[in-house]
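What you are looking at is a predicted structure, and each value in this text was computed from that prediction instead of being measured.
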2 protein chains.
Amino acid sequence: MKQRITLKQIANTFNVSIATVSKALKDSHEISNATKLKIQEYAYTHNYRPNSIALSLLNKKTKTIGVIMPSILNPFFVKTFSGIEQVANDKGYNVIAIVSHSKLEKEIASIHMLENGLVDGLLISLSEETEAKQQFNHLKSFIDNAGPIVMFDRVSDSINTDKVIVDDFNCAYKATEHLIKTGCKHIAVVSTLDNVGIIKLRINGYLKALEDYKLPVNKKIINLIKPRYDFETEIKTMLDYQDVDAIIGLEEFSAVESMVIAQDRGYNIPDDISIISFTSSDFFKYTKPSITCINQHSVFMGKTAAEILISKIEQPLGTEDVFETKTIKTTLVERKSTKSLANSY
Amino acid sequence: MKQRITLKQIANTFNVSIATVSKALKDSHEISNATKLKIQEYAYTHNYRPNSIALSLLNKKTKTIGVIMPSILNPFFVKTFSGIEQVANDKGYNVIAIVSHSKLEKEIASIHMLENGLVDGLLISLSEETEAKQQFNHLKSFIDNAGPIVMFDRVSDSINTDKVIVDDFNCAYKATEHLIKTGCKHIAVVSTLDNVGIIKLRINGYLKALEDYKLPVNKKIINLIKPRYDFETEIKTMLDYQDVDAIIGLEEFSAVESMVIAQDRGYNIPDDISIISFTSSDFFKYTKPSITCINQHSVFMGKTAAEILISKIEQPLGTEDVFETKTIKTTLVERKSTKSLANSY
DNA sequence: CTGAAAGCGCTTACAG
DNA sequence: CTGAAAGCGCTTACAG
């Protein structure tokens with residue numbers, strides 16, 4: 001690594017001022033053609049490029065956004081991130097990606113780091129712990145000191161910002177309804193998350209569907225499995241001691257793992273037990289049977305969130321703050337882990 | 001967003017110099033306790049935090065590294081990125097993530113962007129096009145102007161830097177050998193990548209194993225499928241017109257998709273056709289049958305690459321450049337898509 | 001047509 | 001114990 005060339009050095013070699021060089025390189029009409037030409041040529045052959053950090057300091061804009069997610073080893077967030085990255089790059093922004101590993105402390109530390117002038121705005125999906133403890137001061141601090149925030153998927157009503165969410169209530173309603181219409185009556189719900197707002201919404205949607213179709217609720221088959229519990233044991237116990245003819249997995253792991261456990265116990269999918277999964281992984285096509293799922297259009301969600309954030313960053317100073325909450329429509333992708341509607345009527 | 005507080009403002013409110021405030025906040029012994037106390041207290045209650053951009057300009061260090069990958073919708077890169085992110089954050093670095101979408105042009109633009117002082121170093125896995133066109137000037141330019149590079153997985157010998165790779169040759173050899181030992185004689189290779197160095201290494205490892213076990217080579221079942229061709233048609237044609245009793249998929253998609261196509265055509269896996277996949281996806285556990293694969297320990301690869309990069313960034317100026325190439329050991333994860341060794345002897 | 005000055009927010013060697 | 005000065009790399013309004 002040799003020394004990077006600066007305006008100062010160019011100015012020295014031609015015995016002109018830094019200001020002249022700066023203007024010459026911007027092809028300013030203030031500068032004579034002769035000077036411009038020799039400076040531009042020199043700069044080009046010496047591969048001069050302006051220092052972004054100096055420009056950031058000057059403009060108080062970094063053209064960088066931060067993204068904080070609870071996990072990256074989760075297809076939902078990977079796809080969302082992919083959408084964010086695409087839009088950001090199209091609009092000339094870099095993205096700093098941080099994984100909170102669902103820890104509040106990590107989230108706070110990361111935000112404080114980004115807050116010190118590193119980014120122009122922030123996209124965040126809250127960590128479980130943040131939602132559980134309802135602690136949001138770090139977010140408020142960011143908004144006060146650094147710039148706009150757009151929350152996606154795991155959001156909180158306590159913070160007044162733009163949000164992009166999935167219609168979790170209706171989504172769960174739709175899934176439950178589909179199972180009911182294909183003849184299921186004892187529909188279990190399985191999740192490895194708990195203290196998260198979206199899970200509550202999903203459960204409510206599920207309960208509403210049961211109510212509307214006049215099916216009884218069995219709380220023992222609403223199975224929110226805490227991290228310290230053994231997933232397999234919980235599912236086996238449920239299958240052995242409760243009536244279950246369908247399982248809604250609230251994330252991919254819950255769905256696919258429940259299906260495998262049920263198969264191991266001799267149940268036929270979908271005839272004995274139907275399976276629907278929230279969030280759509282490409283791999284659901286390849287399981288046996290392939291898994292019916294709810295496509296949350298996560299790439300699109302990421303794109304939408306990034307677009308909103310960047311438009312907020314670039315809006316003229318003094319624009320009145322109007323926050324919107326965008327809801328991404330979901331679609332049910334029917335595959336082989338649920339019975340077909342045609343057969344049940 | 002209110003105005004962020006600066007040293008200057010603190011200096012003004014106490015009628016002292018900026019230098020004094022700066023020193024007071026660093027608890028310098030040069031400053032009287034009284035001054036320190038009032039300044040520190042004021043800074044604390046007003047939530048003062050130093051501007052990172054200003055510090056970067058001063059120190060010529062950004063405590064940020066760049067990561068450029070061909071894709072993020074690929075579990076291998078997601079895991080590698082996860083490893084990188086962990087190590088970087090542990091060591092106090094932010095990471096700017098950029099996806100090249102296998103395009104040389106995007107790769108060049110991204111590197112030039114990062115080169116202008118944005119990052120202290122770069123981790124990169126080359127795009128297909130870069131390898132195909134053997135064009136590396138942008139990488140050389142980064143090394144000259146910005147800092148160290150560590151290449152991972154898709155690397156090039158033409159660039160003299162640190163590298164972290166998988167032992168693709170031996171890896172393919174091992175996979176092929178395993179298939180041979182379980183009784184396969186007509187082993188196909190399927191990939192959707194072509195012009196990439198790692199693919200050549202894998203093919204060579206495969207060929208060497210055939211040679212060592214004195215099996216004939218059938219070039220028609222070495223199937224590197226170009227993007228413009230239809231994957232399904234290619235595989236069907238191969239299965240219909242060639243003798244095939246095993247398939248090695250060089251990436252996840254090729255393996256799982258080939259398996260499904262073979263099953264659709266009535267082949268039993270693994271008795272008629274065995275399947276092995278390069279790179280280990282968690283979902284291979286859940287297919288029917290579960291898929292035997294090569295675990296490349298991609299999280300570990302990411303961690304290793306990040307550690308090397310950061311140690312290079314932090315090494316004292318003037319340290320002699322010594323570049324190393326680290327090879328990550330792989331392991332064969334036996335599942336149900338290959339016959340068991342026991343049965344074949 | 002060219003340059004000196006002020007400034008973005010900070011630090012540190014040096015003077016007083 | 002405190003502050004003026006120089007500097008990181010750049011831009012722009014202003015003077016000449």
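Proximity of residues 20-32 of chain B to DNA chain C (heavy atom under 4.0 angstrom from any strand atom) is restricted to B:S22, B:K23, B:K26, B:E30. Of all the residues in residues 46-62 of chain A, A:L57, A:L58, A:K60 reach under 4.0 Å from DNA chain C with at least one non-hydrogen atom.
Toward the 5' end of DNA chain D, the nearer of the two residues B:T35 and A:K8, judged by each one's closest nucleotide, is B:T35.
Remark: B:M113 CE to A:S52 OG distance equals 5.5 Å, nearest 0.5 Å.
Ion pairing between a basic and an acidic side chain is recognised when a charged N comes within 4.0 Å of a carboxylate O; B:E131 and B:R154 show no such pairing. A salt bridge does not link B:E324 with B:K312: every distance from a Lys NZ or Arg NE/NH1/NH2 to an Asp or Glu carboxylate oxygen is 4.0 Å or more. No salt bridge links B:K326 with B:E307; every basic N to acidic carboxylate O contact stays at or beyond 4.0 Å.
Residues that satisfy the salt bridge (Lys or Arg N to Asp or Glu O under 4.0 Å) test with A:D27, not counting sequence neighbours, are A:K36. Residues that satisfy the side chain to side chain donor-acceptor pair (under 3.5 Å) test with A:D144, not counting sequence neighbours, are absent from this structure.
Side-chain contact between B:M69 and B:T80 is absent, with no heavy-atom pair separated by less than 4.5 Å. Residues B:L118 and B:T62 fail the side-chain proximity criterion, which asks for heavy atoms closer than 4.5 Å. Under the 4.5 Å side-chain criterion, counting only non-hydrogen atoms from C-beta, A:I98 is not in contact with A:V67.
Nucleotides D:dC1 and C:dG9, compared at atom C1', are 24 Å apart to the nearest Å. Remark: the separation of the C1' atoms in C:dC8 and D:dT2 is 25 Å, to the nearest Å.
In this structure, the side chain of B:D120 does not engage the main chain of B:K61 through any donor-acceptor pair within 3.5 Å. Listed for the A:S110 side chain is a donor-acceptor partner under 3.5 Å among the backbone atoms of A:K106.
With a cut-off of 3.5 Å on both pairing distances, the Watson-Crick and G-U wobble pairs of DNA chain D assemble into stems of 3 or more at C:1-3 with D:14-16, C:5-12 with D:5-12, C:14-16 with D:1-3.
When ring centroids are compared, A:H138 and A:F142 stay outside the 6.0 Å threshold.
With a heavy-atom cut-off of 4.0 Å to chain B, the contacted part of DNA chain C has its first and last nucleotide at C:dC8 to C:dC14.
Within a 6.0 Å radius of CZ in B:F300, no more than 12 heavy atoms belonging to other residues, nucleotides or ligands are found.
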